[in-house]
Amino acid sequence: MNRFTVAQLTDLHVRPEGVPAYRVAETNMLTERALRRVAAESPAVDAVIITGDLTDCGLPSEYDLLAGMLRRTLTMPVYLIPGNHDRREVLLQHMPATRSMAGGFVQYAVDDLPVRLVMLDTVRPGAGYGELCQQRLDWLDRTLAERPNQPTLIGMHHPPFQCGIAHMDGIALRAPEAFVAVIARHRQVRRIVCGHHHRPVVAQVAQAIASIAPSVAHQVQHDLSIDGPAAFVMEPSAFDLHLWDQRSGFVSHTVLVDSFPGPFPFLLDPDYPGCSG
Ligand SMILES: [Fe+2]
Ligand SMILES: [Fe+2]
């Protein structure tokens with residue numbers, strides 16, 4: 001296959017039925033709408049990854065609700081990893097077919113697609129920040145060494161870089177240098193896609209382009225002041241669509257879930273015939 005698409009949804013923060021997150025964000029409704037938007041994409045999306053904070057509190061009822069939504073809505077393969085709001089054991093029990101590795105980490109490679117997906121578990125239970133312990137880093141190094149020539153996209157919840165939003169930078173991936181050193185040894189890693197910050201952000205990590213996808217639920221307020229308070233806003237729900245083709249490699253699009261007026265044709269203005277869209 002010369003062309004392949006991976007939709008990245010993140011930070012769904014699903015709650016028990018009828019309960020908004022933080023008393024404001026209707027995360028279940030927003031998640032359902034985002035899943036339907038992915039399902040309606042044409043041409044069809046080939047695979048979906050969900051990069052953590054699947055639920056808000058890691059409750060069995062939250063995972064059951066999400067599992068039902070995924071079952072009803074999507075037919076393509078879906079690959080999950082946890083975020084700091086998840087609980088690994090509950091996730092593994094209630095989300096059928098989620099893969100894990102030794103130690104109970106939800107960390108695995110997907111090798112049966114045209115591009116390789118390597119999904120990392122950056123959760124430290126009980127903490128908002130992320131970590132990759134030596135066991136997970138060693139697994140990553142070994143796993144990447146297995147297929148040095150296959151274009152690889154890494155999915156992880158906590159970003160391995162600082163983005164300038166102070167309260168989120170305080171809970172990013174701790175000690176990212178060790179992770180960056182592993183990535184730098186494996187030049188086939190082209191993209192690192194993250195969640196957690198609830199905003200679209202792009203950076204460079206070693207040779208790879210790294211990005212944070214917007215949340216399908218609430219967004220973190222855009223505030224680059226050094227002492228900005230933690231706050232969220234109900235900016236539009238969105239997800240990232242990573243397109244891979246043999247000529248261009250990975251190209252990423254941010255897709256808004258809402259509908260807007262249009263599409264309209266680019267009609268020429270008869271007074272300015274040289275001006276065309
Ligand atoms: Fe989140
Ligand atoms: Fe998070």
Side-chain angles (χ1 to χ4, degrees), residues 7-16 19-35 48-59 62-63 65-66 69 79-88 90-91 95 98 105-107 119-132 136 154-176 179 192-201 203 210-223 228-240 254 257:
Q8 180 198 1
L9 280 68
T10 198
D11 294 271
L12 287 46
H13 289 260
V14 166
R15 294 254 49 210
V19 182
Y22 315 110
R23 303 185 186 181
V24 172
E26 296 285 357
T27 54
N28 296 352
M29 176 196 71
L30 291 162
T31 296
E32 180 104 36
R33 289 174 62 198
L35 294 175
V48 169
I49 60 174
I50 308 184
T51 46
D53 286 356
L54 315 176
T55 66
D56 199 46
C57 298
L59 301 175
E62 295 173 335
Y63 290 110
L65 207 80
L66 176 58
M69 284 192 231
Y79 304 101
L80 309 172
I81 44 171
N84 51 303
H85 283 259
D86 291 300
R87 281 193 283 167
R88 280 188 198 114
V90 190
L91 165 59
M95 304 296 290
T98 304
F105 298 115
V106 184
Q107 180 161 302
M119 307 295 283
L120 300 183
D121 180 341
T122 55
V123 172
R124 180 185 173 89
Y129 64 84
E131 71 171 14
L132 284 169
R136 282 172 279 182
I154 288 186
M156 59 199 291
H157 184 65
H158 294 83
F161 58 87
Q162 298 279 286
C163 76
I165 299 176
H167 64 95
M168 295 310 295
D169 283 341
I171 54 170
L173 184 75
R174 288 269 164 97
F179 168 77
I192 299 169
V193 304
C194 315
H196 192 46
H197 285 10
H198 293 236
R199 288 212 71 78
V201 180
S211 59
I212 304 169
S215 169
V216 304
H218 47 292
Q219 313 301 330
V220 163
Q221 186 174 23
H222 170 67
D223 182 351
F232 68 90
V233 291
M234 297 312 296
E235 288 177 5
S237 169
F239 60 89
D240 278 355
T254 294
V257 172

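Note that ligands are numbered from 1 as they come in the structure, with each ligand's atoms numbered from 1 the same way. In what follows, every heavy atom counts, from backbone to side chain, and hydrogens, waters and symmetry copies are set aside.
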- [ ] For a side chain to side chain contact (heavy atoms under 4.5 Å, CB included) with L9, tell me which candidate from T31, V216, L54 qualifies.
- [x] V216
TODO: With 2.8 Å as the limit, jot down which protein N, O or S atoms are around the Fe ion (ligand 1).
DONE: D11 OD1, H13 NE2, D53 OD2, H198 NE2
Task: Donor-acceptor contact present, side-chain N84 to main-chain A127, <3.5 Å - done: no
Task: Donor-acceptor contact present, side-chain D53 to main-chain H85, <3.5 Å - done: yes
Open item on the list: Tell me whether R124 at atom CZ has more than 12 heavy atoms from other residues, nucleotides or ligands lying less than 6.0 Å away.
Closed with: no
Open item on the list: Rounded at 0.5 Å granularity, tell me how far CD1 in I50 sits from CE in M119.
Closed with: 9.0 Å
- [ ] Find the distance between NE2 (H158) and CZ (R174) and round it off to the nearest 0.5 Å.
- [x] 9.5 Å
